[in-house]
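Reminder, nothing fancy here: chain letters follow the sequence lines and each chain counts from 1.
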There are 2 protein chains.
Amino acid sequence: MSVDRKRLIIEAATKSFSLFGYKATTMDQVAKIANVGKGTIYTFFKNKEELFDEIISTLISEMKREADEAIDPELPFHENVHRALYKILEFRKQHQLTIKLFQEEKEMGTPAVLEVMTRLEAAIIHYVKEKVIEAIKKGEIQACDPELTAFIMLKLYVSLIFDWEKGHEPLEKERIAKIFEQYVFKGLSV
Amino acid sequence: MSVDRKRLIIEAATKSFSLFGYKATTMDQVAKIANVGKGTIYTFFKNKEELFDEIISTLISEMKREADEAIDPELPFHENVHRALYKILEFRKQHQLTIKLFQEEKEMGTPAVLEVMTRLEAAIIHYVKEKVIEAIKKGEIQACDPELTAFIMLKLYVSLIFDWEKGHEPLEKERIAKIFEQYVFKGLSV
DNA sequence: CTGTTGACCATAATGTTCAATTGGTCATTT
DNA sequence: AAATGACCAATTGAACATTATGGTCAACAG
(Lines give C-alpha, C1' and ligand atoms only; values in the text may rest on other atoms or scores of the structure.)
Protein backbone atom coordinates (compact mmCIF):
# COMPACT_ATOMS: atom_id res chain seq x y z
CA MET A 1 0.00 0.00 0.00
CA SER A 2 1.28 3.44 -0.98
CA VAL A 3 1.42 6.36 1.36
CA ASP A 4 -1.92 7.51 2.75
CA ARG A 5 -2.35 10.62 0.64
CA LYS A 6 -5.55 11.70 2.33
CA ARG A 7 -3.76 11.79 5.67
CA LEU A 8 -0.87 13.71 4.13
CA ILE A 9 -3.28 16.28 2.73
CA ILE A 10 -5.13 16.69 6.01
CA GLU A 11 -1.89 17.09 7.91
CA ALA A 12 -0.55 19.61 5.41
CA ALA A 13 -3.76 21.62 5.42
CA THR A 14 -3.94 21.61 9.21
CA LYS A 15 -0.39 22.88 9.39
CA SER A 16 -1.04 25.61 6.85
CA PHE A 17 -4.37 26.70 8.34
CA SER A 18 -2.71 26.90 11.74
CA LEU A 19 0.17 28.94 10.39
CA PHE A 20 -1.54 31.26 7.94
CA GLY A 21 -5.27 30.97 8.53
CA TYR A 22 -7.98 29.81 6.14
CA LYS A 23 -7.93 32.54 3.55
CA ALA A 24 -4.17 32.81 3.30
CA THR A 25 -3.80 29.08 2.73
CA THR A 26 -3.71 28.16 -0.95
CA MET A 27 -4.50 24.78 -2.39
CA ASP A 28 -1.18 24.88 -4.23
CA GLN A 29 0.54 25.35 -0.92
CA VAL A 30 -1.32 22.46 0.66
CA ALA A 31 -0.43 20.26 -2.31
CA LYS A 32 3.20 21.34 -2.06
CA ILE A 33 3.44 20.65 1.68
CA ALA A 34 1.69 17.30 1.28
CA ASN A 35 3.98 16.36 -1.62
CA VAL A 36 0.95 15.67 -3.74
CA GLY A 37 -0.49 16.91 -7.00
CA LYS A 38 -3.11 19.58 -6.53
CA GLY A 39 -5.68 17.51 -8.37
CA THR A 40 -5.29 14.75 -5.82
CA ILE A 41 -6.78 16.96 -3.15
CA TYR A 42 -9.95 17.13 -5.21
CA THR A 43 -10.28 13.35 -5.36
CA PHE A 44 -10.73 13.35 -1.56
CA PHE A 45 -12.47 16.69 -0.96
CA LYS A 46 -15.08 18.47 -3.04
CA ASN A 47 -13.47 21.85 -2.39
CA LYS A 48 -11.42 23.93 0.02
CA GLU A 49 -14.28 24.40 2.45
CA GLU A 50 -14.98 20.70 2.74
CA LEU A 51 -11.33 20.06 3.52
CA PHE A 52 -11.57 22.74 6.18
CA ASP A 53 -14.75 21.22 7.60
CA GLU A 54 -13.15 17.81 7.96
CA ILE A 55 -10.27 19.33 9.88
CA ILE A 56 -12.65 21.13 12.20
CA SER A 57 -14.57 17.91 12.80
CA THR A 58 -11.33 16.32 13.92
CA LEU A 59 -10.65 19.31 16.14
CA ILE A 60 -14.06 19.01 17.77
CA SER A 61 -13.45 15.31 18.39
CA GLU A 62 -10.13 16.12 20.01
CA MET A 63 -11.75 18.69 22.25
CA LYS A 64 -14.39 16.20 23.24
CA ARG A 65 -11.74 13.61 24.03
CA GLU A 66 -9.74 16.06 26.13
CA ALA A 67 -12.85 17.12 28.00
CA ASP A 68 -13.89 13.52 28.60
CA GLU A 69 -10.45 12.75 29.95
CA ALA A 70 -10.68 15.65 32.36
CA ILE A 71 -13.90 14.31 33.80
CA ASP A 72 -13.91 11.97 36.80
CA PRO A 73 -17.27 10.23 37.35
CA GLU A 74 -16.57 10.09 41.07
CA LEU A 75 -16.52 13.87 41.41
CA PRO A 76 -19.61 16.06 41.79
CA PHE A 77 -21.26 17.56 38.73
CA HIS A 78 -20.05 21.11 39.23
CA GLU A 79 -16.44 20.02 39.58
CA ASN A 80 -16.68 18.04 36.36
CA VAL A 81 -18.31 20.84 34.40
CA HIS A 82 -15.58 23.15 35.59
CA ARG A 83 -12.87 20.72 34.54
CA ALA A 84 -14.43 20.05 31.16
CA LEU A 85 -15.10 23.67 30.28
CA TYR A 86 -11.74 24.76 31.54
CA LYS A 87 -10.01 22.11 29.44
CA ILE A 88 -11.98 23.05 26.36
CA LEU A 89 -11.26 26.74 26.71
CA GLU A 90 -7.60 26.16 27.54
CA PHE A 91 -7.43 24.00 24.44
CA ARG A 92 -8.98 26.80 22.44
CA LYS A 93 -6.60 29.29 23.97
CA GLN A 94 -3.47 27.28 23.24
CA HIS A 95 -4.02 25.45 20.00
CA GLN A 96 -2.42 27.16 17.01
CA LEU A 97 -5.36 26.49 14.73
CA THR A 98 -8.08 27.86 16.97
CA ILE A 99 -6.03 30.93 17.80
CA LYS A 100 -5.48 31.68 14.14
CA LEU A 101 -9.13 31.12 13.31
CA PHE A 102 -10.35 33.23 16.20
CA GLN A 103 -8.14 36.01 14.92
CA GLU A 104 -9.30 35.59 11.32
CA GLU A 105 -12.92 35.64 12.43
CA LYS A 106 -12.51 38.97 14.20
CA GLU A 107 -10.12 40.69 11.81
CA MET A 108 -11.40 39.58 8.44
CA GLY A 109 -14.75 37.94 9.04
CA THR A 110 -14.04 35.26 6.43
CA PRO A 111 -17.46 33.64 5.94
CA ALA A 112 -16.18 30.05 5.98
CA VAL A 113 -14.37 30.74 9.24
CA LEU A 114 -17.39 32.41 10.80
CA GLU A 115 -19.50 29.41 9.92
CA VAL A 116 -17.04 26.99 11.40
CA MET A 117 -16.64 28.94 14.62
CA THR A 118 -20.40 28.87 15.09
CA ARG A 119 -20.27 25.12 14.62
CA LEU A 120 -17.55 24.90 17.22
CA GLU A 121 -19.56 26.83 19.78
CA ALA A 122 -22.63 24.73 19.03
CA ALA A 123 -20.58 21.58 19.60
CA ILE A 124 -19.35 22.80 22.97
CA ILE A 125 -22.83 23.79 24.08
CA HIS A 126 -24.17 20.45 22.93
CA TYR A 127 -21.49 18.68 24.93
CA VAL A 128 -22.23 20.61 28.12
CA LYS A 129 -25.96 20.23 27.54
CA GLU A 130 -25.62 16.44 27.56
CA LYS A 131 -23.75 16.63 30.87
CA VAL A 132 -26.48 18.84 32.31
CA ILE A 133 -29.20 16.42 31.21
CA GLU A 134 -27.31 13.55 32.81
CA ALA A 135 -26.91 15.51 36.04
CA ILE A 136 -30.62 16.28 36.18
CA LYS A 137 -31.46 12.62 35.62
CA LYS A 138 -29.12 11.59 38.41
CA GLY A 139 -30.69 14.20 40.68
CA GLU A 140 -27.41 16.00 41.09
CA ILE A 141 -28.98 19.31 40.19
CA GLN A 142 -32.55 20.53 40.01
CA ALA A 143 -34.58 20.55 36.82
CA CYS A 144 -33.70 23.39 34.45
CA ASP A 145 -33.52 24.15 30.76
CA PRO A 146 -30.37 22.21 29.78
CA GLU A 147 -29.69 24.21 26.63
CA LEU A 148 -30.01 27.51 28.45
CA THR A 149 -27.91 26.30 31.34
CA ALA A 150 -25.17 25.10 29.03
CA PHE A 151 -25.34 28.40 27.18
CA ILE A 152 -25.00 30.40 30.40
CA MET A 153 -22.13 28.28 31.61
CA LEU A 154 -20.16 28.66 28.40
CA LYS A 155 -20.78 32.40 28.10
CA LEU A 156 -19.78 32.96 31.71
CA TYR A 157 -16.64 30.90 31.33
CA VAL A 158 -15.64 32.66 28.15
CA SER A 159 -16.20 36.02 29.80
CA LEU A 160 -14.16 35.07 32.85
CA ILE A 161 -11.30 33.55 30.90
CA PHE A 162 -11.11 35.79 27.85
CA ASP A 163 -12.83 39.11 28.63
CA TRP A 164 -11.86 39.66 32.25
CA GLU A 165 -8.20 39.64 31.31
CA LYS A 166 -8.66 42.66 29.08
CA GLY A 167 -8.96 44.95 32.07
CA HIS A 168 -7.74 42.94 35.08
CA GLU A 169 -5.28 40.39 36.33
CA PRO A 170 -6.20 36.94 34.97
CA LEU A 171 -8.25 34.81 37.32
CA GLU A 172 -6.67 31.69 38.79
CA LYS A 173 -8.17 28.38 37.76
CA GLU A 174 -9.26 27.79 41.34
CA ARG A 175 -10.78 31.22 41.58
CA ILE A 176 -12.87 30.58 38.49
CA ALA A 177 -14.10 27.32 39.93
CA LYS A 178 -15.07 29.09 43.17
CA ILE A 179 -16.87 31.87 41.31
CA PHE A 180 -18.76 29.33 39.30
CA GLU A 181 -19.73 27.32 42.33
CA GLN A 182 -20.97 30.41 44.10
CA TYR A 183 -22.81 32.13 41.30
CA VAL A 184 -24.18 29.31 39.21
CA PHE A 185 -24.35 26.07 41.16
CA LYS A 186 -25.80 27.43 44.36
CA GLY A 187 -28.76 28.39 42.25
CA LEU A 188 -28.96 24.91 40.76
CA SER A 189 -28.38 22.90 43.93
CA VAL A 190 -31.16 20.63 45.05
CA MET B 1 -27.55 86.45 22.58
CA SER B 2 -27.13 84.72 19.25
CA VAL B 3 -28.04 81.08 18.64
CA ASP B 4 -26.20 78.53 20.75
CA ARG B 5 -23.81 77.25 18.12
CA LYS B 6 -22.25 74.63 20.35
CA ARG B 7 -25.63 73.06 20.92
CA LEU B 8 -26.39 73.16 17.21
CA ILE B 9 -23.13 71.40 16.47
CA ILE B 10 -23.70 68.70 19.08
CA GLU B 11 -27.21 68.07 17.82
CA ALA B 12 -26.06 67.91 14.22
CA ALA B 13 -23.20 65.57 15.04
CA THR B 14 -25.44 63.32 17.13
CA LYS B 15 -27.89 63.10 14.28
CA SER B 16 -25.17 62.32 11.75
CA PHE B 17 -23.35 59.78 13.94
CA SER B 18 -26.68 58.04 14.55
CA LEU B 19 -27.49 57.96 10.88
CA PHE B 20 -24.13 57.18 9.29
CA GLY B 21 -21.78 56.16 12.09
CA TYR B 22 -18.57 57.79 13.21
CA LYS B 23 -16.34 57.20 10.25
CA ALA B 24 -18.92 58.04 7.62
CA THR B 25 -19.75 61.35 9.29
CA THR B 26 -17.71 64.21 7.86
CA MET B 27 -17.01 67.49 9.57
CA ASP B 28 -18.31 69.28 6.47
CA GLN B 29 -21.57 67.42 6.88
CA VAL B 30 -21.85 68.29 10.55
CA ALA B 31 -21.18 71.95 9.74
CA LYS B 32 -23.77 71.85 7.00
CA ILE B 33 -26.45 70.27 9.18
CA ALA B 34 -25.67 72.65 12.02
CA ASN B 35 -25.75 75.63 9.66
CA VAL B 36 -22.34 76.65 10.86
CA GLY B 37 -18.94 77.27 9.32
CA LYS B 38 -16.65 74.27 9.63
CA GLY B 39 -14.10 76.39 11.49
CA THR B 40 -16.66 77.11 14.21
CA ILE B 41 -16.70 73.47 15.20
CA TYR B 42 -13.00 73.74 15.98
CA THR B 43 -13.54 76.66 18.35
CA PHE B 44 -15.59 74.37 20.58
CA PHE B 45 -13.90 71.01 20.01
CA LYS B 46 -10.24 70.23 19.51
CA ASN B 47 -11.06 67.61 16.87
CA LYS B 48 -13.60 65.10 15.64
CA GLU B 49 -12.84 62.63 18.40
CA GLU B 50 -13.40 65.18 21.17
CA LEU B 51 -16.76 66.09 19.69
CA PHE B 52 -17.59 62.39 19.64
CA ASP B 53 -16.45 61.97 23.24
CA GLU B 54 -18.68 64.77 24.44
CA ILE B 55 -21.66 63.17 22.76
CA ILE B 56 -20.88 59.84 24.37
CA SER B 57 -20.59 61.49 27.77
CA THR B 58 -24.10 62.82 27.30
CA LEU B 59 -25.23 59.37 26.23
CA ILE B 60 -23.76 57.82 29.37
CA SER B 61 -25.50 60.42 31.53
CA GLU B 62 -28.78 59.64 29.83
CA MET B 63 -28.30 55.94 30.43
CA LYS B 64 -27.55 56.60 34.07
CA ARG B 65 -30.64 58.76 34.41
CA GLU B 66 -32.84 56.12 32.77
CA ALA B 67 -31.41 53.43 35.01
CA ASP B 68 -31.88 55.55 38.12
CA GLU B 69 -35.47 56.17 37.16
CA ALA B 70 -36.07 52.45 36.76
CA ILE B 71 -34.88 51.80 40.30
CA ASP B 72 -37.29 51.75 43.22
CA PRO B 73 -35.57 51.91 46.65
CA GLU B 74 -38.42 49.92 48.18
CA LEU B 75 -37.73 46.90 46.04
CA PRO B 76 -35.13 44.23 46.81
CA PHE B 77 -31.65 44.52 45.36
CA HIS B 78 -31.98 41.84 42.73
CA GLU B 79 -35.16 43.34 41.34
CA ASN B 80 -33.48 46.73 41.07
CA VAL B 81 -30.37 45.38 39.39
CA HIS B 82 -32.57 43.59 36.92
CA ARG B 83 -34.57 46.73 36.20
CA ALA B 84 -31.48 48.90 35.86
CA LEU B 85 -29.55 46.52 33.63
CA TYR B 86 -32.56 45.74 31.54
CA LYS B 87 -33.23 49.46 31.03
CA ILE B 88 -29.61 50.09 30.11
CA LEU B 89 -29.48 47.27 27.61
CA GLU B 90 -32.86 48.08 26.13
CA PHE B 91 -31.63 51.62 25.75
CA ARG B 92 -28.56 50.31 23.97
CA LYS B 93 -30.68 48.08 21.81
CA GLN B 94 -33.07 50.76 20.70
CA HIS B 95 -31.12 53.97 20.47
CA GLN B 96 -30.04 54.80 16.93
CA LEU B 97 -26.61 55.96 17.98
CA THR B 98 -25.62 52.92 20.01
CA ILE B 99 -26.92 50.55 17.37
CA LYS B 100 -24.88 52.28 14.70
CA LEU B 101 -21.76 52.31 16.86
CA PHE B 102 -22.14 48.69 17.88
CA GLN B 103 -22.34 47.79 14.21
CA GLU B 104 -19.36 49.96 13.31
CA GLU B 105 -17.29 48.43 16.09
CA LYS B 106 -17.86 44.92 14.79
CA GLU B 107 -17.76 45.56 11.06
CA MET B 108 -14.98 48.09 10.75
CA GLY B 109 -13.25 48.22 14.11
CA THR B 110 -12.85 52.00 13.88
CA PRO B 111 -10.37 52.74 16.69
CA ALA B 112 -12.22 55.79 18.05
CA VAL B 113 -15.42 53.77 18.21
CA LEU B 114 -13.71 50.85 19.89
CA GLU B 115 -12.32 53.17 22.55
CA VAL B 116 -15.67 54.74 23.20
CA MET B 117 -17.47 51.42 23.47
CA THR B 118 -14.94 50.32 26.07
CA ARG B 119 -15.67 53.51 27.97
CA LEU B 120 -19.37 52.79 27.74
CA GLU B 121 -18.95 49.31 29.14
CA ALA B 122 -16.70 50.62 31.92
CA ALA B 123 -19.36 53.19 32.83
CA ILE B 124 -22.06 50.52 33.04
CA ILE B 125 -19.89 48.27 35.17
CA HIS B 126 -19.01 51.17 37.43
CA TYR B 127 -22.69 51.96 37.85
CA VAL B 128 -23.62 48.40 38.76
CA LYS B 129 -20.58 48.10 40.99
CA GLU B 130 -21.77 51.04 43.09
CA LYS B 131 -25.16 49.38 43.48
CA VAL B 132 -23.46 46.16 44.56
CA ILE B 133 -21.36 47.99 47.15
CA GLU B 134 -24.47 49.65 48.53
CA ALA B 135 -26.27 46.33 48.72
CA ILE B 136 -23.39 44.75 50.61
CA LYS B 137 -23.33 47.64 53.07
CA LYS B 138 -27.07 47.31 53.65
CA GLY B 139 -26.62 43.58 54.19
CA GLU B 140 -28.89 42.77 51.27
CA ILE B 141 -26.34 40.42 49.78
CA GLN B 142 -23.27 38.72 51.15
CA ALA B 143 -19.76 40.14 50.79
CA CYS B 144 -18.25 39.64 47.35
CA ASP B 145 -15.94 41.32 44.91
CA PRO B 146 -18.17 44.15 43.64
CA GLU B 147 -16.25 44.71 40.43
CA LEU B 148 -16.29 41.03 39.55
CA THR B 149 -19.94 40.72 40.44
CA ALA B 150 -20.86 43.71 38.32
CA PHE B 151 -18.77 42.27 35.49
CA ILE B 152 -20.50 38.91 35.69
CA MET B 153 -23.93 40.48 35.82
CA LEU B 154 -23.32 42.61 32.77
CA LYS B 155 -21.76 39.83 30.73
CA LEU B 156 -24.57 37.46 31.56
CA TYR B 157 -27.20 40.04 30.71
CA VAL B 158 -25.55 40.87 27.43
CA SER B 159 -25.32 37.19 26.56
CA LEU B 160 -28.95 36.59 27.41
CA ILE B 161 -30.27 39.62 25.58
CA PHE B 162 -27.97 39.80 22.56
CA ASP B 163 -26.34 36.40 22.01
CA TRP B 164 -29.14 34.02 22.89
CA GLU B 165 -31.31 35.54 20.19
CA LYS B 166 -28.85 34.50 17.52
CA GLY B 167 -29.89 30.87 17.83
CA HIS B 168 -33.17 30.88 19.77
CA GLU B 169 -36.41 32.66 20.46
CA PRO B 170 -35.74 35.85 22.43
CA LEU B 171 -36.20 35.52 26.18
CA GLU B 172 -39.05 37.39 27.84
CA LYS B 173 -38.13 40.15 30.25
CA GLU B 174 -39.67 38.16 33.11
CA ARG B 175 -37.81 35.04 32.05
CA ILE B 176 -34.51 36.87 32.19
CA ALA B 177 -35.30 38.17 35.66
CA LYS B 178 -36.10 34.62 36.79
CA ILE B 179 -32.94 33.22 35.29
CA PHE B 180 -30.91 35.88 36.98
CA GLU B 181 -32.56 35.33 40.31
CA GLN B 182 -31.95 31.63 40.10
CA TYR B 183 -28.41 31.55 38.79
CA VAL B 184 -26.80 34.63 40.30
CA PHE B 185 -28.70 35.87 43.33
CA LYS B 186 -29.24 32.55 45.01
CA GLY B 187 -25.49 32.38 45.20
CA LEU B 188 -25.29 35.84 46.67
CA SER B 189 -28.17 35.56 49.10
CA VAL B 190 -27.34 35.95 52.78
C1' DC C 1 -11.99 92.95 19.41
C1' DT C 2 -14.44 88.71 19.52
C1' DG C 3 -16.50 85.24 17.15
C1' DT C 4 -17.29 83.27 12.68
C1' DT C 5 -16.24 81.68 8.27
C1' DG C 6 -14.95 78.91 4.12
C1' DA C 7 -11.03 78.58 0.83
C1' DC C 8 -6.99 76.10 1.30
C1' DC C 9 -3.55 72.28 2.29
C1' DA C 10 -1.52 67.91 3.50
C1' DT C 11 -2.95 63.52 3.82
C1' DA C 12 -5.97 59.67 3.94
C1' DA C 13 -9.58 57.27 1.65
C1' DT C 14 -11.44 55.59 -2.56
C1' DG C 15 -11.88 54.23 -7.33
C1' DT C 16 -9.53 52.01 -11.39
C1' DT C 17 -6.77 49.10 -13.91
C1' DC C 18 -4.56 44.99 -15.06
C1' DA C 19 -1.03 41.51 -14.31
C1' DA C 20 -0.41 37.84 -11.11
C1' DT C 21 -2.67 34.47 -8.31
C1' DT C 22 -6.08 31.08 -7.00
C1' DG C 23 -9.64 27.47 -6.77
C1' DG C 24 -11.04 24.04 -9.46
C1' DT C 25 -11.08 20.88 -13.98
C1' DC C 26 -9.66 17.29 -16.97
C1' DA C 27 -6.75 15.22 -20.61
C1' DT C 28 -2.69 12.78 -19.98
C1' DT C 29 0.59 9.86 -17.54
C1' DT C 30 1.92 6.31 -14.36
C1' DA D 1 -7.56 3.09 -11.43
C1' DA D 2 -5.08 6.61 -9.21
C1' DA D 3 -2.43 10.58 -9.57
C1' DT D 4 -0.86 14.52 -11.80
C1' DG D 5 0.02 19.34 -13.28
C1' DA D 6 -1.00 22.30 -17.36
C1' DC D 7 -4.75 24.91 -18.09
C1' DC D 8 -8.86 28.20 -17.53
C1' DA D 9 -12.14 31.38 -15.65
C1' DA D 10 -12.67 34.02 -11.69
C1' DT D 11 -10.62 36.58 -8.09
C1' DT D 12 -7.24 39.34 -6.02
C1' DG D 13 -4.27 42.98 -4.84
C1' DA D 14 -0.33 46.14 -6.19
C1' DA D 15 0.20 50.48 -8.26
C1' DC D 16 -1.45 54.49 -9.70
C1' DA D 17 -4.94 58.35 -10.25
C1' DT D 18 -8.56 60.73 -8.19
C1' DT D 19 -11.48 62.32 -4.68
C1' DA D 20 -12.76 63.33 -0.02
C1' DT D 21 -11.57 64.68 4.63
C1' DG D 22 -9.77 66.63 8.98
C1' DG D 23 -7.82 70.47 10.40
C1' DT D 24 -5.71 75.52 9.80
C1' DC D 25 -5.83 80.33 9.33
C1' DA D 26 -6.09 84.81 6.99
C1' DA D 27 -9.96 87.49 6.10
C1' DC D 28 -14.25 89.21 7.57
C1' DA D 29 -18.49 90.76 10.19
C1' DG D 30 -20.94 92.54 13.98
Side-chain angles (χ1 to χ4, degrees), chain A residues 1-56 100-101 104 107-116, chain B residues 1-56 100-101 103-105 107-116:
Chain A
M1 175 190 172
S2 66
V3 277
D4 183 349
R5 286 176 213 281
K6 186 171 177 182
R7 175 160 304 279
L8 284 180
I9 291 166
I10 289 180
E11 277 168 12
T14 304
K15 194 184 284 180
S16 186
F17 286 145
S18 300
L19 236 48
F20 310 110
Y22 176 78
K23 218 187 145 191
T25 290
T26 69
M27 296 303 260
D28 267 314
Q29 199 173 41
V30 173
K32 196 77 74 64
I33 297 175
N35 262 99
V36 143
K38 192 162 58 149
T40 310
I41 299 177
Y42 290 86
T43 65
F44 295 113
F45 305 95
K46 209 174 83 241
N47 52 37
K48 190 179 179 184
E49 201 164 333
E50 210 171 74
L51 170 60
F52 187 41
D53 280 350
E54 180 145 339
I55 288 171
I56 295 299
K100 203 75 203 175
L101 294 180
E104 192 171 343
E107 290 176 7
M108 306 200 272
T110 318
V113 173
L114 234 138
E115 230 171 81
V116 142
Chain B
M1 175 191 171
S2 65
V3 278
D4 184 350
R5 290 186 158 68
K6 187 171 177 181
R7 176 161 300 282
L8 284 180
I9 291 165
I10 290 180
E11 277 169 11
T14 303
K15 194 183 284 179
S16 186
F17 286 145
S18 300
L19 236 48
F20 310 112
Y22 176 79
K23 220 185 145 193
T25 289
T26 71
M27 295 304 259
D28 267 314
Q29 199 172 42
V30 173
K32 197 75 72 68
I33 297 176
N35 260 100
V36 145
K38 189 160 60 151
T40 310
I41 300 177
Y42 289 88
T43 65
F44 295 113
F45 304 96
K46 213 173 82 239
N47 53 37
K48 189 181 179 181
E49 202 165 334
E50 212 172 70
L51 170 60
F52 187 40
D53 280 350
E54 181 145 336
I55 287 171
I56 295 299
K100 204 74 202 175
L101 294 179
Q103 193 183 329
E104 192 171 343
E105 184 190 17
E107 290 177 7
M108 307 200 272
T110 317
V113 173
L114 233 138
E115 231 172 77
V116 142

Can you find a side chain N or O atom of A:Arg5 that sits less than 4.0 Å from OP1 or OP2 on D:dA3?
yes
Those residues at least two apart in sequence (or on a different chain) that pass salt bridge (Lys or Arg N to Asp or Glu O under 4.0 Å) with B:Glu115 are none
Side-chain donor-acceptor distances from residues 6-16 of chain A under 3.5 Å, at least two apart:
from: A:Thr14; atom 1: OG1; to: A:Ile10; atom 2: O; distance (Å): 2.7
from: A:Ser16; atom 1: OG; to: A:Thr25; atom 2: OG1; distance (Å): 2.9
from: A:Ser16; atom 1: OG; to: A:Gln29; atom 2: OE1; distance (Å): 3.2

Residue-level proximity of residues 25-39 of chain B to DNA chain C when a heavy atom falls under 4.0 Å
B:Val36, B:Gly37, B:Lys38, B:Gly39
Can a donor-acceptor pair be found, under 3.5 Å and without considering hydrogens, that links the side chain of B:Glu105 to the backbone of B:Leu101?
no
Kindly give the heavy-atom pair with the smallest separation between B:Lys100 and B:Phe20, and that separation in Å.
CE-C, 3.7 Å
Angle between the end axes of the helix from C:dC1-D:dG30 to C:dT30-D:dA1, five pairs per end, to the nearest 10 degrees?
20°
Using a 4.0 Å cut-off on heavy atoms, which residues in residues 42-52 of chain A reach DNA chain C? List them by number, or say none.
A:Tyr42, A:Asn47, A:Lys48
Could you tell me the separation between the CG atom of B:Leu51 and the OH atom of B:Tyr22, rounded to the nearest 0.5 Å?
8.5 Å
Residues forming a salt bridge (Lys or Arg N to Asp or Glu O under 4.0 Å) with B:Glu49, sequence neighbours excluded:
none
What residues form a side-chain hydrogen bond (donor to acceptor under 3.5 Å, both in side chains) with B:Glu104, not counting sequence neighbours?
B:Thr110
Which donor-acceptor pairs under 3.5 Å do the side chains of residues 33-41 of chain A make with protein atoms, sequence neighbours left out?
from: A:Thr40; atom 1: OG1; to: A:Gly37; atom 2: O; distance (Å): 3.2

What are the residues of residues 6-16 of chain B, sorted by number, that bring a heavy atom to within less than 4.0 Å of DNA chain D?
none
B:Phe45 CZ to B:Ile55 CD1 distance, which is reported to the nearest 0.5 Å
7.0 Å
Can you name the residues that form a ring pair (Phe, Tyr, Trp, His ring centres under 6.0 Å) with A:Tyr42, not counting sequence neighbours?
none
What are the atom names and distances for every N/O pair under 3.5 Å that joins the protein to nucleotides 28-30 of chain D?
none

So which heavy atom on B:Ala112 is nearest to which on B:Phe52, and how close?
O-CE2, 3.9 Å
